[in-house]
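What you see below is based on every heavy atom in this structure, not just the backbone, and it leaves out hydrogens, waters and symmetry mates.
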Amino acid sequence: MAPRQDPQTSIPTPDQTTTATDSSASSIDPLLHLLSLLPYSFLRPPRLRLKLPSLTLPSPFTVFSLLLLTYFVIVSGIVYDVIVEPPGIGSTQDRHTGAVKPVVFLPGRVNGQYIIEGLSSGFMFVLGGMGIVLLDLALDKNRARSVKVSFASAGVASIVISYVMSMLFLRIKIPAYLR
């Protein structure tokens with residue numbers, strides 16, 4: 001059985017929509033006709049010769065730099081620093097002398113950090129990533145042998161420094177770790 005349409009909610013035909021929306025054309029008021037025709041009879045829109053802006057692609061080095069900066073921001077925990085607002089550096093008091101010593105790493109808490117701790121850890125991660133990039137550049141066949149050796153040695157050195165320092169940071173952060 002087909003649904004029955006209500007005559008009040010039926011869809012208007014195209015003739016009904018044009019007469020309903022064009023009420024000013026069917027108006028008897030001559031002033032309304034005069035106001036709708038007079039300004040538009042001699043006014044014309046200006047001819048604009050606008051050029052669309054042309055976007056050029058950024059250089060590969062620019063893209064790499066932005067990605068590296070984004071990686072540094074993420075692994076450094078800057079979002080954590082903004083939300084929690086930890087101090088930049090901590091302090092502890094020596095038991096024997098009573099002197100206050102600065103502390104860079106928040107000991108014993110894996111889910112907390114000082115600002116300097118996050119930045120230094122993030123720098124070590126970026127240094128290790130740059131070492132991998134340097135090792136990749138050392139594999140280029142179009143470079144001189146001395147340049148390839150320089151890239152390879154700098155890459156290996158940065159990876160080793162990054163690994164050793166990250167393990168040192170972990171031992172400071174968690175004293176019973178890796179013993």
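The shortest distance between side-chain heavy atoms of Gln113 and Asp81 falls below 4.5 Å. Leu68 has its side chain out of reach of Phe72: every pair of non-hydrogen atoms, C-beta onward, lies at least 4.5 Å apart. Two residues are said to be in side-chain contact when any heavy atoms from C-beta on lie closer than 4.5 Å; Val160 and Val164 meet this criterion. Between Lys173 and Glu117, the closest side-chain pair of non-hydrogen atoms falls below 4.5 Å. Residues Val156 and Leu135 meet the side-chain proximity criterion, which asks for heavy atoms closer than 4.5 Å. Put simply, the side chain of Ile172 does not reach to within 4.5 Å of the side chain of Val104, judged on heavy atoms. Looking at Leu127 and Ile161, their side chains come closer than 4.5 Å, going by heavy atoms from C-beta outward.
If you chain together hydrophobic residues whose side chains sit under 4.5 Å apart, Val110 and Val84 never meet in one group. Residues Leu168 and Val75 fall within the same hydrophobic cluster, defined by Ile, Leu, Val, Met, Phe, Trp and Tyr side chains chained together at heavy-atom separations under 4.5 Å.
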Please table the atom pairs, donor to acceptor, closer than 3.5 Å between any side-chain atom in residues 51-67 and protein atoms at least two apart or in another chain.
residue : atom : partner : partner atom : Å
Ser59   : OG   : Thr62   : N            : 3.3
Ser59   : OG   : Thr62   : OG1          : 2.8
Ser65   : OG   : Phe61   : O            : 2.8

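Shown here for Ser158 and Gly131, the closest heavy-atom pair between the two residues is OG-CA, 2.9 Å. For Val126 against Tyr71, the heavy-atom pair with the smallest separation is CG2-CD2, 3.8 Å. When all heavy atoms of Asp140 and Lys148 are compared, the closest pair comes out as O-CD, 3.0 Å.
The structure places CZ of Arg145 at 11.0 Å from OG of Ser150, a figure rounded to the nearest 0.5 Å. Separating the CE atom in Met165 from the CE atom in Met124 is a distance of 5.0 Å, to the nearest 0.5 Å. Rounded to the nearest 0.5 Å, atoms CZ (Phe151) and CG (Leu139) are 11.5 Å apart. Atom CG of Asp136 is separated from atom CD1 of Ile132 by 10.0 Å, given to the nearest 0.5 angstrom. Interatomic distance, OG of Ser166 versus CZ of Phe125, reported as 5.0 Å (0.5 Å rounding).
Screening Val73, Ile78, Val79 for a side-chain contact (heavy atoms from CB on, under 4.5 Å) with Ser76, the sole residue that qualifies is Ile78.
Remark: the backbone N or O of Gly98 is paired with a side-chain donor or acceptor of Gln93 at under 3.5 angstrom.
Sparse packing is recorded around CZ of Phe123, with 12 or fewer heavy atoms of other residues, nucleotides or ligands lying under 6.0 Å away.
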Kindly indicate, with the supporting measurements, whether the criterion side-chain contact (heavy atoms from CB on, under 4.5 Å) is fulfilled by Tyr114 and Ile89. CA-CA 6 Å; Tyr114 294 128; Ile89 196 166; 5.6 Å; no
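Phe169 has its ring centre less than 6.0 Å from the ring centre of Phe105.
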